[in-house]
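Notes follow once the structure below has been shown.
Each ligand, and each atom within it, is numbered from 1 in the order the structure gives. All residue numbers refer to positions in the sequence shown, counting from 1.
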Amino acid sequence: MYIVTVTLATLVIIPVLLKIFFPYFWEDVVYLKDLVRILLTFVSRRKRRPLFLAVDRFIEQSALHPNRTFVLFENKSYSYQDADRESNKIANALRAYSRLQAGEAAALFMGNEPTFMFTWLALAKLGCPVAFLNHNIRSKSLLHCFSCCDAKVLIAAVELEDALKEIQPALKEKGVCVFIMTKECSISEFTSFTDKVEFASDSPISRSHRSQITFKSPAVYIYTSGTTGLPKAATVSQTRLLAALAVLASNGVTAGDVIYLNLPMYHTAGFLIGFIGSIETGATIVLRRKFSASQFWDECRKYNITVIQYIGEVLRYLCNTPKKENDQLHKVRLAIGNGLRAEIWREFLNRFGNIQVREFYASTEGNVGFVNYIGKIGAIGRVNPFHKKFFPYALIKYDTEGDEPVRNSKGLCIEASKGETGLLVSKITDIAPFVGYANNQQQTEKKKLRNVFKKGDLYFNSGDLLRIDWENFIYFQDRVGDTFRWKGENVATTEVSDIVTMIDFVEEANVYGVQVPGHEGRIGMAAVTITKGKALDSKKMFSHVASYLPAYAQPRFIRIQNSVEVTGTFKQMKKTLVEEGFNPTLITDPLFFLDDKEKSYIPMTKDIYKAVVSGNSKL
Ligand SMILES: *[C@@H]1O[C@H](CO)[C@@H](O)[C@H](O)[C@H]1NC(C)=O
Ligand SMILES: *[C@@H]1O[C@H](CO)[C@@H](O)[C@H](O)[C@H]1NC(C)=O
Ligand SMILES: *[C@@H]1O[C@H](CO)[C@@H](O)[C@H](O)[C@H]1NC(C)=O
C-alpha cells in the first residue's frame with residue numbers, strides 16, 4: 001500500500017515539478033530523440049558503399065512506390081516512376097548529345113516547373129554538379145553567375161532564350177553547349193533539347209557515373225546575394241545534400257503529407273528544404289511557378305495541402321490579403337521556414353488557425369542550424385547541449401561600430417552572456433564543413449574566423465547577431481550590417497520596421513540608415529507602402545513613432561513607394577535606397593521629413609534638404 005502511494009505520488013509529482021522547473025523538458029527529450037535518430041540515419045548512410053547520395057534516396061523511393069504522386073503542377077501529375085523515367089531520358093539525351101563528363105558542372109536556367117526537378121535528377125544521376133541560375137538575372141550578372149562554376153553545358157527553359165541570346169558571344173567563346181527546352185530552336189547557336197529527350201531511352205543510368213564522387217564533391221551551386229557586389233556561388237557538397245534530406249522528416253513530415261512548393265527552386269529554401277526534403281519523406285509536392293498571396297489558400301484547399309513553406313516576408317503578404325470567411329478552412333497543419341517576425345506570427349495564427357510553426361535558422365553556406373521545435377513565438381531555436389556538442393557554436397561579443405568581434409588582451413574572442421546580443425560563429429569540422437564559394441577564395445576567407453577561443457582554431461562567421469534568453473531560446477537580432485548607428489546608439493532596422501508597420505495605413509516598411517554630411521553614423525529613413533484605400537496621416541505617423549521609438553531610432557525621413565522591392569528570397573532590398581538617400585531633386589517618390597516643432601512629418605522641400613546637408617537643421 002505504502003509503495004503504491006509513493007509510486008502514485010511520484011508519478012503525479014514528477015511531471016508537475018518538471019512542468020514548473022523544466023517547462024520544456026518533454027519537448028527537449030522528443031527533440032533529442034529525433035536528433036539522435038537523424039544522426040544515426042545520416043551516419044549509417046555515410047557508411048554505405050558504394051556511396052549513398054541524395055539522388056539514391058530518390059531512386060529508392062521510386063522503386064518502393066512507383067505509382068505514388070511525386071509532383072502536381074498546373075493540372076499535370078507525375079508519379080515517382082514518371083519522374084524517374086523522365087530524368088533517365090534527360091540523362092540519356094545528355095550522354096548522346098553533349099560531351100558532359102561525370103564531375104563536370106552543368107548550369108540550369110529555368111523557373112519552377114517539373115522539368116527543373118527532372119533535369120537536376122538527371123544530372124545527379126550522371127554525377128554532375130548543377131549550378132542553379134536565378135532566372136530573373138540578365139546580361140552581365142547572368143554571365144558572372146554562369147562563369148563562377150565553370151559549367152560546360154547550360155540547360156534553359158524556352159522562355160529564357162532571349163536572355164541567353166544577349167550573352168551568346170561570351171558563351172560561344174567559352175565553348176559552352178546550350179540546350180533549350182523546346183522542340184525547335186530559332187537561334188542557330190543553341191540546340192533544341194525537348195525533341196532529343198522525347199526520343200531518348202528511359203533506361204536507368206548506371207551507378208558507375210557516380211563512382212568518382214566523394215562526400216566533399218560539390219552537388220549544387222546556389223547563389224547568395226550579399227549586401228554588396230555580385231552574387232556568390234555557395235558550394236553545397238554531397239554531405240550537405242545528404243543532411244538536407246532530414247529537414248522535413250525531422251519536423252514530422254511524412255509520406256501522407258502534401259507540400260506546397262512555391263518558393264524559387266534556385267534558392268536553398270525551395271531546393272534543399274522543399275524539394276530534397278520531400279524526397280526523403282516520399283510526400284507529394286504541389287509545385288507552383290511562383291508565390292501568389294491571392295491564390296495561396298484556394299490552392300491549399302484545392303490540393304489538400306498540409307505543409308507550407310515560408311521565407312522572409314511571405315506570411316506577412318498572406319496576412320495583408322483581405323479577410324475571408326473561409327480563412328480557417330484548410331488542412332494546413334505545419335508551416336516551416338525562416339524570417340517570421342513575432343507580431344506577424346501571432347497575427348498569422350489568429351487569422352488562419354492552429355498551424356504549427358517551425359521557425360528555423362540556417363543559411364545556404366553556413367554549417368549550423370537551429371529549429372524552434374517548441375513553437376515559442378519569436379524564437380528561431382533553442383540551445384540543446386547535445387546538439388551543441390556535435391555542432392559547436394557560440395555567440396561572441398561584437399563591436400557593431402568597428403564591425404568586428406571584440407577581442408581580449410590575448411587576442412581571443414569573448415563569449416556573450418545570456419541575454420546579450422552576440423555574433424554567431426560555428427566551428428568548422430568534418431560534419432559541419434564550410435565549403436565556401438566557387439571560384440571566390442577572397443569571399444570564402446572573409447567568412448572564416450580564426451583564433452576564436454584558442455589560438456589556431458577556425459570558425460564560420462555567420463554574420464548574424466543572435467541572442468539567447470534565460471530559458472535558452474535563441475532569437476535573431478540582426479544581420480551584421482542591418483544595424484546602423486546614430487548618435488552613438490545602435491538602431492536595429494527590423495525593430496524599427498516592426499514598429500512602423502503597426503500603423504494601420506502602413507503596409508510595409510523598409511528601414512535603413514542614410515548618411516548626412518558632417519554627422520557620424522547614419523540617420524534613420526523608412527521607405528513605406530501605404531495600405532490600399534488608406535492614406536498617409538503624417539500627424540498620426542509622428543505620434544506613433546514618437547511614442548514607440550527613442551529619438552535616435554525614429555526615421556527622420558519617410559519615402560512613400562508603390563511597392564517595397566524584395567530579393568528572390570523575399571528579403572527587402574536596401575542598397576539602392578541607401579545610395580539614393582533623401583534628396584528631393586533626385587527622388588520622384590513623395591518624401592517627408594520629421595519636424596520636431598510641427599510634431600508631424602512634413603513634405604520634404606529643397607530648402608529643408610539644403611538646411612539638413614549644410615548642418616543648419618538640428619537633427
Ligand atoms: C503501378 O501502376 C501500374 C499501372 O497502373 C501497375 O501495372 C503496377 O502494378 C503498379 N505498381 C505498383 C507497385 O503498385
Ligand atoms: C487547370 O484545369 C482547370 C479546370 O479544368 C482550368 O480551368 C485551368 O485553366 C487549368 N490550369 C492550367 C494552368 O492549365
Ligand atoms: C481532398 O480531400 C477531400 C476529403 O478528404 C477529398 O474528397 C478530395 O478528393 C481531396 N482532393 C485532392 C485533390 O486530393
Side-chain angles (χ1 to χ4, degrees), residues 52 54-92 112-118 121-122 125 197-205 207 245 248-249 251-263 265 270 273-275 277-310 314 318 321 324-336 348-349 351-357:
F52 184 86
V55 69
D56 291 302
R57 180 60 181 157
F58 174 81
I59 296 168
E60 201 173 79
Q61 290 284 27
S62 71
L64 282 172
H65 34 70
N67 293 346
R68 189 183 288 166
T69 307
F70 176 56
V71 58
L72 287 166
F73 178 75
E74 293 179 351
N75 296 346
K76 282 212 189 77
S77 162
Y78 302 86
S79 67
Y80 273 80
Q81 187 170 52
D82 294 337
D84 191 40
R85 286 188 179 154
E86 196 56 32
S87 61
N88 289 344
K89 288 177 120 184
I90 295 174
N92 283 319
N112 273 14
E113 53 172 296
T115 308
F116 183 108
M117 298 171 163
F118 305 154
L121 285 167
K125 286 175 176 184
V197 173
E198 211 171 275
F199 294 108
S201 146
D202 68 359
S203 59
I205 305 302
R207 218 180 234 275
L245 283 172
L248 290 181
N251 283 290
V253 179
T254 65
D257 278 306
V258 182
I259 297 154
Y260 196 26
L261 176 45
N262 53 47
L263 304 176
M265 274 193 286
I273 296 167
F275 177 53
S278 298
I279 289 177
E280 171 73 1
T281 62
T284 295
I285 297 170
V286 173
L287 182 68
R288 230 195 110 84
R289 278 199 187 273
K290 58 188 229 191
F291 169 81
S292 154
S294 60
Q295 307 270 302
F296 194 92
W297 294 107
D298 287 336
E299 292 208 328
C300 286
R301 281 182 279 270
K302 180 175 166 195
Y303 295 108
N304 292 334
I305 281 159
T306 56
V307 179
I308 60 173
Q309 269 190 285
Y310 64 86
V314 157
L318 294 180
T321 57
K324 284 190 183 159
E325 253 171 39
N326 60 358
D327 273 346
Q328 302 211 352
L329 221 72
H330 57 76
K331 294 201 169 86
V332 176
R333 62 173 186 85
L334 177 69
I336 177 161
F348 179 77
L349 295 183
R351 168 119 179 240
F352 299 108
N354 191 18
I355 298 170
Q356 195 188 3
V357 174

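Between W297 and F352, the angle of the ring planes stays under 30°, which puts this pair in the parallel group of the 30/60° scheme. Ring pair F118/Y78 is perpendicular by interplanar angle, where above 60° counts as perpendicular and below 30° as parallel.
Side-chain atoms of D82 come within 3.5 Å of backbone atoms of S79 as a donor-acceptor pair (strictly under, hydrogens ignored). Panel note: side chain D257, backbone T254; a donor-acceptor pair is recorded below 3.5 Å.
For atom 9 (O) of ligand 1, the protein comes within 4.0 Å by no heavy atom at all. Under the 4.0 Å distance rule, the nearest protein heavy atom to atom 2 (O) of ligand 3 falls inside the cut-off. Inside a 4.0 Å radius of atom 5 (O) of ligand 1 there is not any protein heavy atom.
When only non-hydrogen protein atoms are considered, atom 13 (C) of ligand 1 lies nearest to P66 CG, 3.8 Å. The protein atom (non-hydrogen) at minimum distance from atom 12 (C) of ligand 1 is N67 ND2, 3.5 Å.
The distance from ligand 3 to the heavy atoms of K302 drops below 4.0 Å at these ligand atoms: 13 (C). Less than 4.0 angstrom separates some heavy atom of N304 from each of these atoms of ligand 3: 1 (C), 2 (O), 3 (C), 8 (C), 10 (C), 11 (N), 12 (C), 14 (O).
D327 has no carboxylate O lying under 4.0 Å from a charged side-chain N of K324, or vice versa, which leaves the two without a salt bridge.
Between Y310 and L318, the closest side-chain pair of non-hydrogen atoms is not below 4.5 Å.
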